[in-house]
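Per chain, numbering begins at 1; letters A, B, ... match sequence-line order.
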2 protein chains.
Amino acid sequence: MARQHDTSRNLSQKPQPRRSPTIADIARLAGVSPSTVSRSLAGNERIGKETRRRIADVARDLGYSVNRHARSLRMQRSGILLVLIPDIANLNYSDLLMQIDSIAHERGYDIRIGHTGVDAGRVDRQAEELFTGGIDGILLTSDYCPSSISQRLAAGEVLPVVRTLSPTAPDERIVGVQIDEEAAAFDAVSHLVKRDYRRIAHLAGSPGVLVSRLRMNGWRRALVEAGLQIPDKFIGEGFAVDDGRRAARSLMARTVYPDAVFCANDLSAYGLMAELQANGLKIPQDIAVAGFDDLSFSSLFSPPLTTVRLPRREMAEASVRYLVDLIDGKATPSPDYIPHQLIIRKSSGDRKMEYEKPGC
Amino acid sequence: MARQHDTSRNLSQKPQPRRSPTIADIARLAGVSPSTVSRSLAGNERIGKETRRRIADVARDLGYSVNRHARSLRMQRSGILLVLIPDIANLNYSDLLMQIDSIAHERGYDIRIGHTGVDAGRVDRQAEELFTGGIDGILLTSDYCPSSISQRLAAGEVLPVVRTLSPTAPDERIVGVQIDEEAAAFDAVSHLVKRDYRRIAHLAGSPGVLVSRLRMNGWRRALVEAGLQIPDKFIGEGFAVDDGRRAARSLMARTVYPDAVFCANDLSAYGLMAELQANGLKIPQDIAVAGFDDLSFSSLFSPPLTTVRLPRREMAEASVRYLVDLIDGKATPSPDYIPHQLIIRKSSGDRKMEYEKPGC
DNA sequence: TTGTACGCGTTATCAA
DNA sequence: TTGATAACGCGTACAA
């Protein structure tokens, strides 16, 4: 029985958002024990039909919802996946993130974001929570891997960690979901060859990153198979828009221009195109361009950019599924390559074609 | 004393990632009580110098890190902010999100993302955690507000909820951090007028959204003040790229073209420009274009897009600070408008100017 | 079918 | 300066 006369406490307490209902509250009002409420709300237990209804009613009336921290503490399981992303404001990652979020949700998980590009120390701390129960698993999307993770991996522990997007394995033991980067680059460059471009330069990514080497290898192999000459130097390096701009300037400083450029990603291709166009060069008439990623803006540029479409949806799906299986302790076979696709747009138009460019 | 001979349990247990150290473990090894460990690790308590050192050493050796769920449960405080975002893959939001994340971190908070555009029911459930201790506060970035929040707000409760980016208040009681949308639109259109454009059309946003009405008002007012005719119809509606494309087609179906279009946001301006250019129209010679948002790609288009820069960094900073103050129960004055800025680029180039377009 | 008792890891209060 | 104790809200083994 509540003591009806003890109003002093109510009067003295601050206007704090009053405590939200717990299963104990429901139990009291429904005239059952807390454990019965817990079981009933969990669903799949043997509970009296009438009891179940009464509990459900009270819970609804009270606006009950479970305290996730209490549950996580008790269950030693949080239902949270940590996704490590270098840069949310990069469309390649944010698009992937959206897919991951939606698929994780289908599997009953929420995601937290670890911003590796901004503050690695902070991300390392977030990753530690894998061992304190704060998070259940980690999804890597770049070659960054928190030190605590790689240490334990090296010690032979099996951890719920999966990598996608990036083909780089910070540790061999981390399973990855990826495309065949080299084959994709090969396809893109071979397409340029087929369109009669002959001096095909490469805007390489970052030298230290495996994905750059793979895409470069694809480019090189395509040239070799076509019997074309391989330039001794790239026209530039880097994945950022400004790297593309810089590459364009260095390109235009030469005596002989390439007639096509295969860029390691779309972003740098944007910068390259913008700078070339700002200096009066026409794409693809003067120089053709191809990229890698297929960001949503690539179809909007004038001319729209030919590029390799990264199957982000499929990668998200496969990697989340794999990670969840790992968490559940189910052994699953290591996944195959996800199929990629070359999207041909006007930036690589056949140089001998007539363009529907009006005017001029 | 640990029973040295009780190895049976170690043998029988599965290769589970063994339990991570707790303060109890540290206490045992350091020869003190758990409470002392807790206080010492928390920092600002009166702890013996030697004791403190010993505890710190043991904690480091064990690789201890705090269990966030246990702490949150005990503290009734999670250190997590829920940010409601319609679409992470929209640069306007993802850029804002990055700023928010970084500033929230400075203030000691982590953020969780609520994807209102994808699954509103799910977001409503996430918002419920404000009352169960799962999250400490909510940051709104669109006009979407979870039902449980608006209900309690309507009931007069004071909640740690702040809105930014969107000028729409789902509820008057929610404080907002915003720019003067109407003035910004006015500035953009006035700039077009100054550049001698006379038939300035408007690609409106979504009719139901306040931000659309504000930007439209700014457009209208600028025309009125310049003594120009106000078209009886918009050339289209919507914020998406495809809405811009559609608007371009409807525009080109007319007998008299406008000579400039003020778009409610950059994304729709991208679509408009792409479609106009695909049909041989030149920007700005045939039609000038201005947008709103200043996404990072707007400087890359050819021609680069004139637009209103949304001060996302400043908005993130002010709104997070305000939210944290609200959580801490500090009364702060409602913030003023954040200053905006018009970024003038070539898409609104003076029509009488000679362009450095080569060729032709 | 339901209730009792306990523990998940932490911090706050109180007493020493 | 330190330790014992309780409590945050939940789920579950065990007993009834």
Side-chain angles (χ1 to χ4, degrees), chain A residues 16-56 58-59 62-79 128-136, chain B residues 16-56 58-59 62-79 128-136:
Chain A
Q16 56 182 323
R18 75 189 163 297
R19 194 181 58 79
S20 58
T22 71
I23 48 174
D25 298 322
I26 301 178
R28 210 172 311 118
L29 268 65
V32 294
S33 79
S35 43
T36 304
V37 175
S38 175
R39 278 179 298 231
S40 179
L41 260 29
N44 46 8
E45 297 284 337
R46 277 117 57 184
I47 299 288
K49 203 175 171 187
E50 164 59 17
T51 311
R52 178 184 296 278
R53 201 190 48 71
R54 216 166 55 241
I55 290 177
V58 174
L62 254 40
Y64 170 83
S65 63
V66 60
N67 180 314
R68 108 182 273 143
H69 299 299
R71 167 179 283 172
S72 297
L73 180 59
R74 172 62 229 238
M75 305 277 274
Q76 301 290 72
R77 217 160 183 292
S78 64
E128 287 271 341
E129 294 193 34
L130 184 60
F131 311 109
T132 65
I135 57 174
D136 292 345
Chain B
Q16 56 183 326
R18 76 189 161 295
R19 194 180 57 80
S20 59
T22 70
I23 48 173
D25 298 323
I26 302 178
R28 210 173 310 120
L29 267 65
V32 293
S33 78
S35 16
T36 304
V37 176
S38 175
R39 277 181 300 232
S40 178
L41 260 28
N44 46 9
E45 297 284 337
R46 279 116 60 186
I47 298 287
K49 204 176 169 186
E50 164 60 17
T51 311
R52 178 184 298 280
R53 201 192 47 70
R54 214 168 55 242
I55 290 177
V58 175
L62 254 42
Y64 170 82
S65 60
V66 60
N67 180 314
R68 109 181 272 141
H69 298 298
R71 167 179 281 172
S72 298
L73 180 60
R74 174 62 229 229
M75 307 269 276
Q76 303 287 71
R77 217 159 184 296
S78 64
E128 288 270 341
E129 295 193 33
L130 184 59
F131 312 109
T132 63
I135 57 174
D136 292 345

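Between A:Asn67 atom CG and C:dG9 atom C1' there is a gap of 14 Å when expressed in whole angstrom units. Spacing between atom CD1 of B:Ile23 and atom P of C:dA12 amounts to 11 Å, rounded to whole angstrom units. Per the geometry, CG belonging to B:Leu62 stands 15 Å off C1' belonging to C:dG9, to the nearest Å. Rounded to whole angstrom, the span from the CG atom of B:Asp25 across to the P atom of C:dC8 amounts to 11 Å. Between the CD1 atom of A:Ile26 and the C1' atom of D:dG9 there is a distance of 12 Å, rounded to whole Å. In this entry the distance linking CE of A:Met75 with P of D:dG9 reads 18 Å, nearest Å. Remark: C1' of C:dT2 and CZ of A:Arg28 are 18 Å apart, rounded to the nearest angstrom. Look at CZ on A:Arg71: it is 18 Å from C1' on C:dG9, rounded to the nearest Å.
Every pair passing salt bridge (Lys or Arg N to Asp or Glu O under 4.0 Å) that includes a residue from residues 20-31 of chain B is listed here, sequence neighbours excluded: B:Arg19-B:Asp25, B:Asp25-B:Arg28.
Among the heavy atoms of the strands lying under 4.0 Å from A:Ser38 is at least one base atom, whether or not backbone atoms are also near.
Taking A:Ser72 as the reference, A:Ser78, B:His69 meet the side-chain contact (heavy atoms from CB on, under 4.5 Å) condition, with sequence neighbours excluded. The side-chain contact (heavy atoms from CB on, under 4.5 Å) search around B:Ser38 returns B:Ile23, not counting sequence neighbours. B:Arg74 pairs by the salt bridge (Lys or Arg N to Asp or Glu O under 4.0 Å) definition with nothing, not counting sequence neighbours. Scored by the side-chain contact (heavy atoms from CB on, under 4.5 Å) test, A:Glu128 finds A:Ser148, B:Ser65 as partners (sequence neighbours excluded). Every residue two or more places apart in sequence or in another chain that forms a salt bridge (Lys or Arg N to Asp or Glu O under 4.0 Å) with A:Arg77 is listed here: A:Asp328. For B:Val66, the side-chain contact (heavy atoms from CB on, under 4.5 Å) partners at least two apart in sequence or on another chain are B:Tyr64, B:Arg71.
An end-to-end axis angle of 40° holds for the helix from C:dT1-D:dA16 to C:dA16-D:dT1, taken from five base pairs per end and rounded to 10°.
The shortest distance between side-chain heavy atoms of B:Asn67 and B:Thr22 does not fall below 4.5 Å.
Taking only side-chain nitrogens and oxygens, A:Gln76 comes nearer than 4.0 Å to OP1 or OP2 of C:dG9.
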**OP:** Go along nucleotides 2-7 of chain D 5' to 3' and tag each nucleotide: B for a protein heavy atom under 4.0 Å from its base, S when only backbone or sugar atoms are that close, - otherwise.
**Re:** BBB-BB
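Here the side chain of B:Arg68 pairs no donor or acceptor atom with the backbone of A:Gly134 at under 3.5 angstrom.
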